[in-house]
Amino acid sequence: MSMQPDLRLRHVSPAFRTFCGEDALAALPRELARVGARRAVIMCGPSIVKHTDTLSRVHGALGEHLVGQFDGVAEHSPLPVVEQARQFLADHDAEAVIAIGGGSAVVTARAASILLAEQRDVRQLCTRRDADGKLVSPRLTAPKLPQWVVPSTPTTAYAKAGSAVRDPETGERLALYDPKTRAQGVLLDPAMALTAPARLTWSAALNVFAMAVEGLQSRHIDPLADAQLAHALRTVIAWLPHLHTDPEAARPRLHLMLAALMSGQGSDHTGGGLAQALSHAVGPRSSAANGVVEALLLPHAMWFNADAVGHRLAMLADILGLPDRGAEAVIAKIERLLEVFEVPARLRDLGVSEKDLVEAADHALEDWAITSGPRVPDRTDVLALLTNAW
């Protein structure tokens, strides 16, 4: 009989309100009133602005509460853009933030709110190594603006408290963490869900898939989180193929958004994973979205962790409907699913050069997510894994 660790957990679920359907946006004025906010600012990217009819639905729902729209959000939330967004919030005396779009919009809104409230340089606020070499996130004590998300893609960022911005000058990923920046809730609007190209929704859903799989292998045993992650995984498997067969339908996208919420919340309790940390480092050096990179790296990370997560892989086998509960069968099933999802097999196919691997390995080791996996790699392990994936 296999030995499993004692069940000890602390599961605290932050308040979060979810609205889904044709009338979801009607909740916005009530949500603002609930926290006493009168002046709301929208944060989005140029791609959302092109969908004038859909964006006007949000404008109409906000009514007189809307005092400004920052539409300069950029991929990977570059630091100069985040600083511009911070200034925009200050100039408009914002009392609330509505992030519209994908993960970059959500992260930019959170990070800009942190910079606005803390009034310090980002390098004083981000996660960094202390004198003992441990990664430490400073306590950010200033009150933060309440936020809501109106997503266009199924991003796991909805319910997170972290905000990673990229310094384009150094290539560094600067991670900010503050539970007070968690969104108050998410409003899943069918029209907004259809603004994203199907390919973008596909890549975001791959992140949902990979994060659920990694969360289910965590060394932190939490049955409540496992339930969310398991259903998120089943939902992606069931609905992701519909993006190809029926790309103009809203229903599959809304299901994937709900999966993103479950995967994001569940992984908040179980911690990040190796594929996630590596994708944060490799993604900006590739021609693909982070979700694609993360999914590609997932089987490699699973092999690295396999000896440490035997009992967790058995549970994953049950979720996937596999009679064989061994690592080889489970990872082979994940690889088959990735083939069905049309995920490229090699990093070189994503425009990553061999010389990029060394720099990516160094940056991955500075990622908080790499410390929460079941087996923490050293630099040699990371470089070997990336080279094998390349």
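Between the side chain of R110 and the backbone N or O of G162 there is at least one donor-acceptor pair closer than 3.5 Å. At distances below 3.5 Å, not a single donor-acceptor pair connects side-chain atoms of R312 with backbone N or O atoms of A308. A donor-acceptor pair under 3.5 Å is formed between the side chain of E214 and the backbone N or O of A275. Not one N or O on the side chain of S218 forms a donor-acceptor pair closer than 3.5 Å with the backbone of G215. Side chain of N305 to backbone of A301: a donor-acceptor contact under 3.5 angstrom is found.
Cation-pi contact between R182 and F16: absent, since separation from the ring centre below 6.0 Å together with deviation from the ring axis within 45° is not met.
Contact of the R379 side chain with the D362 side chain is registered, since non-hydrogen atoms from C-beta on lie closer than 4.5 Å.
Annotation: H220 is not in aromatic contact with H269 [ring centroid separation under 6.0 Å not met]. For H92 and F88, the gap between ring centers is short of 6.0 Å.
Other residues, nucleotides and ligands contribute at most 12 non-hydrogen atoms within 6.0 Å of the CZ atom of R38. Counting non-hydrogen atoms of neighbouring residues, nucleotides and ligands closer than 6.0 angstrom, the CD atom of Q124 exceeds 12 such neighbours. At most 12 non-hydrogen atoms from other residues, nucleotides or ligands lie less than 6.0 angstrom from NE2 of H231. When the shell of 6.0 Å around CG of D307 is examined, it contains 12 or fewer heavy atoms from other residues, nucleotides or ligands.
The residues R348 and D356 are annotated as not salt-bridged, no charged nitrogen and carboxylate oxygen being separated by less than 4.0 angstrom. A salt bridge between E359 and R285 is present, with a side-chain N of the basic residue lying under 4.0 Å from a carboxylate O of the acidic one.
Scanning all heavy atoms of the two residues, the minimum distance from H363 to A281 falls at CB-CB, 4.1 Å.
Legend: residues meeting side chain to side chain contact (heavy atoms under 4.5 Å, CB included) with R199, ordered by chain and number and at least two apart, are W202, E342.
Residue pairs meeting the ring pair (Phe, Tyr, Trp, His ring centres under 6.0 Å) criterion with at least one member in residues 238-260, sequence neighbours excluded: W239-H242, W239-H255.
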(request) Evaluate the criterion salt bridge (charged side-chain N to carboxylate O under 4.0 Å, His left out) for residue pair R17 and E31; output intermediate values, then yes/no. (result) CA-CA 9 Å; R17 298 159 73 88; E31 286 294 284; 2.8 Å; yes

